[in-house]
Structure formats: C-alpha cells, structure tokens
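Worth saying up front: this structure is predicted, and the values here are computed from it rather than measured. All chains are named by letter (A, B, ...) in the order of the sequence lines, taking the proteins before the strands, and each is independently numbered beginning at 1. Atom set for the values below is all heavy atoms of this structure, side chains included, hydrogens, waters and symmetry mates excluded.
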Amino acid sequence: MEPIILSGISKSFGDKIVLRDFSATFPNPGLTAIMGSSGAGKTTLIRILLRLTTPDAGTISGLDSLTPSVVFQENRLFPQLTALQNAEVAGTKGGSGKYWLTRMGLGDSLSLKPDSLSGGMQRRVAIARALCYGGNFLVLDEPFKGLDIETRASILPIFREVKREKAVLLITHDPEEAEALADHLVRIEPYPSNTR
Amino acid sequence: MRKIRHTFNHTASCAPGDGVVFSVRTGKKPRGISILLSVLFWLIIWEITARSLDSALLLVSPVTVLRRLWELIFTAKFWINVFTSLWRIGAGYLLGAFCGILCGVLCAFFPAAGALFSPLLSVIKATPVTSLVILALVWIKSYNLSIFICFLMVFPILTESVKEGILEADRELLELAFVFRFSPWKKIKQIYLPSIRPQLITALSTSIGFAWKAGIAGEVFARPRLGVGSRLYDAKVYLETPDLFCWTLVIILLSMAIEKLVLFLLKRGSRETAPHHAGKEEA
C-alpha cells in the first residue's frame, strides 16, 4: 500500500499562518505519531487530511484510495443514542459495536446514553465508533484524553493490532504514548519554524 | 459541612450549625382547587355586575350565557358552524405548516432562497391581521379567506423556526457525518431532526393559537354563509348579546381545546419519532 505523502502544505486563517510549506510521509500500514506544542497546526493538519479544510497550497498523494475513520479531540457523541447505537452509527464494517465496546470494557454499558456515561467512558465509545466503522486510514486526535492509566493500558494493544492493517495517525502530547505506539514520529512546531 | 435537606414544600434548608444558611422557595403553579376558586370568583363578579346593570343588551349574566350555550349545542346549526370553522382553520394551519417547513428547509440550505423570502416574511409579520383580511378580501372568496389568513399566520413562524433549527445543528456532528460518509437520510434523522424538533414543537403549538384567532377574525370580516365568526357578527348586528357572549365562549373553549390537542399530538408524535427509538439498523 502506498504511503500518504504531503508536499509543501500551507494553510492560513486570515493573517495567521498555521502551516507553511509542510512536508511529511506517513507509512501505510503503520502508526505515525504527530507531536508538537499547542497551536502548532496539528489539528489543522488532520482536518486537511480528513478533507474538512482545504490547504492553500501543496499536494497530498496516497489519500484518494483511503477511507478515513477518526477519533476527534472531542467525543462528538449523539446525545439521543445509546453507547451501542453511537458505536454503530457510522457503520459496522470494522466489527460490531458490541464487540468493540466489550473490548473497551463497556460491555455492561451498551444501553446507556452519553449523559449517563463518565468522560472516560464517552471517550471509549468514540474510539469504538471509529473502530466499528473500519476504513483503512485511522486518525486519532488525542485519543487517550480523559482516560486513566489502566484504561489506556487496555486500549494500547488494540491500536497495536490496528496499525498492522492500516495507516494510523496519532496526535499526542505524551512522549510515552508516542514511544509505546509509534513506528514514526513527526514533530511539528508553530510557524515560522514548521519542521518535518 | 454543607447539608441540604429537600422537603416536599420545595424548600431546601440547612440544619442550624452547619455554617451555611440556604433557603429557596419556589413558586407553585396554581392547580385544581385554586383555579376553580379563582374562576368562581370572576364568575361571581360577572354575575353581580350583570345584575347591577340589569340590561341584557349591555351585559348578560354567565347563567344566561350557559343556558343559551346549552340550547345551541343541541342544534345542528351550531355544529355545522363549528366544524366549518374548524375545517377552514385546520386546512390553513396544515397548509401553512407544510409550506413553512418546506420554505424553512430551502432557506437554510440555499442562502439565495433565504434572501428571496426574507422581505416577504418580514412584510407578512409586520402587517396587521385586519389589513391582511381586507386586502385578501379583494382577491379571495369569503369562504376561503380564513384558510388564506391562517396560512399567512403559520407560514412565517414555521419557516423561521425550521430555518433556525437547521442552522443551529451541531457543526461538530455534521463534520463527523462528513468524515463517516453518512447518507442524507441519516444526517436528517440523527442531526437535523433532533436540532429542529424543540423549535418545531414550539412553533406548531404557538401558531395554532394565532391561526385560530386570525381565522375567526377573517370570518367576522368576510362573513361566509357558515362559520363561528359569521355567527359572532350576526349576533352583534342583531343585538343578540347572549349569542354574542355564547359564541365568544365557544371560540375561547375551542381555542383552548385545540391548543391542548395539538400539543398532546405533537408531544406524542415527537416521542414516537425521536431518534433514540431507532433500532440498530435505523441508526
């Protein structure tokens, strides 16, 4: 499978330059961790890769044949749906909601709605939704946010399995997470010193 | 340590010595016996005033009105007039609601449609009902006038509510739907409908009251052969004060009944179509 190659990506919002001539290669399959300080353009980068934002300049190759799946920084759950319905709302090509939620330790919370779940449980439902959907390109924007150490440890093996089959991008501030999961590391710094 | 006790009289308080004094009294909604007593009070006032005036032309007593109503409800004429008004106002309301929802969707998704309809909606909202009725009488037969007037009352309210509901749909969920390639139906069902639902219920229940009052006003002006508004006008022209009060009472009672019925149907309909009732396949 061909890697995802970004060449000379630039993006500004008004006068604020967020990305300037950014280039990187993300192996496929494999997990690339993107690290950088706040405001460095990490989220803008993944929004470009998910086609939620159009870059001002630059090219991306290897993305057209991929079906993306995502865990956003926010959980973005449907308040009217149960945990199981939320997990399966996007599709179940990657496995049933019950399977993934059980693996996330939420087997006994399938019928609960988001307002009855703790922040950590909601996060796991959001992760389960991305895994249920399947796809061959998984974007994880701080997926462990709000999870305790034990829960993190139980989810790490799942991501290790997934990265063997598809391209995975992990945005994290935690070097330990990056070290535990990443095959490649990309550091991104705020403009004017965007590095590769 | 803060300790809050909840008691049945809606008062929360702290035990002495807790260091915090916290007391909240919430206003109770008058219910049952209180409502009955206040209605009785105003009926007595009405009865006393009527007896003092001693003129059936100026003010009839509540007893006379109820006696006249009792006579009327056993006549076919009464029910034909009531159902004719209900049909006209119902038709105008449903037509206005349907077109308003459609227009709201168009305005939300196509800014050009929003710009096109905006002045029209502003003019309809700003024009007094009486002006609308008199203008409409030039073009529309008296029988259909109330349908048109009700349509004009409901249409802008529904258009704006639906438009607002769609525009206020959760942007983050819409992005999620884009990435996960939701079908249009799934987007409507899981994102737009939950966003529109509360505003739609409010708009539909509010506009029925407007529609009813404007529809009756339309009948009073247009004076079709049948209709509650026409009977109200006749009562006024022929100085039949008991009938005037009686038909007014009928209008009030029907207005209350229709509003309650519409609200009940909307709540029931909303509960049954709420997305959380959707099964796995539907989600």
Side-chain angles (χ1 to χ4, degrees), chain A residues 43 46-54 63 66-94 96-99 101 110-116 122 125-126 128-141 169, chain B residues 101 104-105 108-109 111 161-162 164-205 263 265-283:
Chain A
T43 299
I46 64 160
R47 287 180 67 83
I48 289 170
L49 289 165
L50 294 171
R51 297 179 205 280
L52 293 170
T53 302
T54 316
L63 200 60
L66 299 180
T67 305
S69 181
V70 61
V71 177
F72 284 103
Q73 211 172 71
E74 315 82 19
N75 296 321
R76 303 194 186 191
L77 300 180
F78 292 88
Q80 73 273 19
L81 300 182
T82 64
L84 181 63
Q85 287 171 335
N86 261 296
E88 295 186 338
V89 74
T92 52
K93 283 183 183 162
S96 75
K98 197 175 176 183
Y99 169 75
L101 286 171
L110 302 179
S111 58
L112 296 181
K113 289 188 180 168
D115 59 1
S116 305
Q122 289 184 22
V125 175
R129 177 178 58 200
L131 297 169
C132 280
Y133 179 68
N136 45 15
F137 175 38
L138 177 62
V139 176
L140 304 166
D141 194 352
L169 277 192
Chain B
I101 290 170
V105 172
F109 286 109
S161 299
V162 170
E164 291 284 310
I166 292 173
L167 293 178
E168 283 171 14
D170 193 322
R171 297 285 115 188
E172 292 188 344
L173 291 181
L174 286 170
E175 283 185 355
L176 182 99
F178 173 80
V179 174
F180 286 122
R181 299 174 187 178
F182 276 25
S183 66
W185 171 237
K186 197 184 275 185
K187 258 203 286 194
I188 290 169
K189 184 168 180 156
Q190 302 298 0
I191 302 172
Y192 288 119
L193 278 182
S195 174
I196 295 168
R197 181 173 285 111
Q199 303 198 42
L200 190 64
I201 289 174
T202 308
L204 284 169
S205 57
L263 203 62
L265 291 175
L266 285 171
K267 279 185 177 168
R268 199 174 148 181
S270 171
R271 236 187 355 252
E272 282 173 8
T273 57
H276 62 262
H277 284 262
K280 179 179 155 185
E281 293 78 18
E282 286 173 308

TODO: May I have the step-by-step check of side chain to side chain contact (heavy atoms under 4.5 Å, CB included) for A/Arg129 and B/Leu176, ending in yes or no?
DONE: CA-CA 11 Å; A/Arg129 177 178 58 200; B/Leu176 182 99; 3.4 Å; yes
Task: Residue among A/Thr67, A/Leu50, A/Leu52 with most heavy-atom pairs under 4.5 Å to chain B - done: A/Leu52
Open item on the list: Only pairs of heavy atoms separated by less than 4.5 Å count here; which of A/Val70, A/Asn86, A/Val139 has the most with chain B?
Closed with: A/Val70
TODO: For A/Ala130 and B/Phe180, work out which heavy atoms get closest and say how close.
DONE: CA-CZ, 4.2 Å
Task: Nearest heavy atoms of B/Leu173 and A/Leu77, plus distance in Å - done: CD2-O, 4.0 Å
TODO: Indicate yes or no for a side-chain donor-acceptor contact from B/Thr202 to the backbone of B/Pro198 under 3.5 Å, with no hydrogens or angles considered.
DONE: yes
Task: Part of A/Arg47 within contact of chain B (heavy atom distance under 4.5 Å) - done: side chain
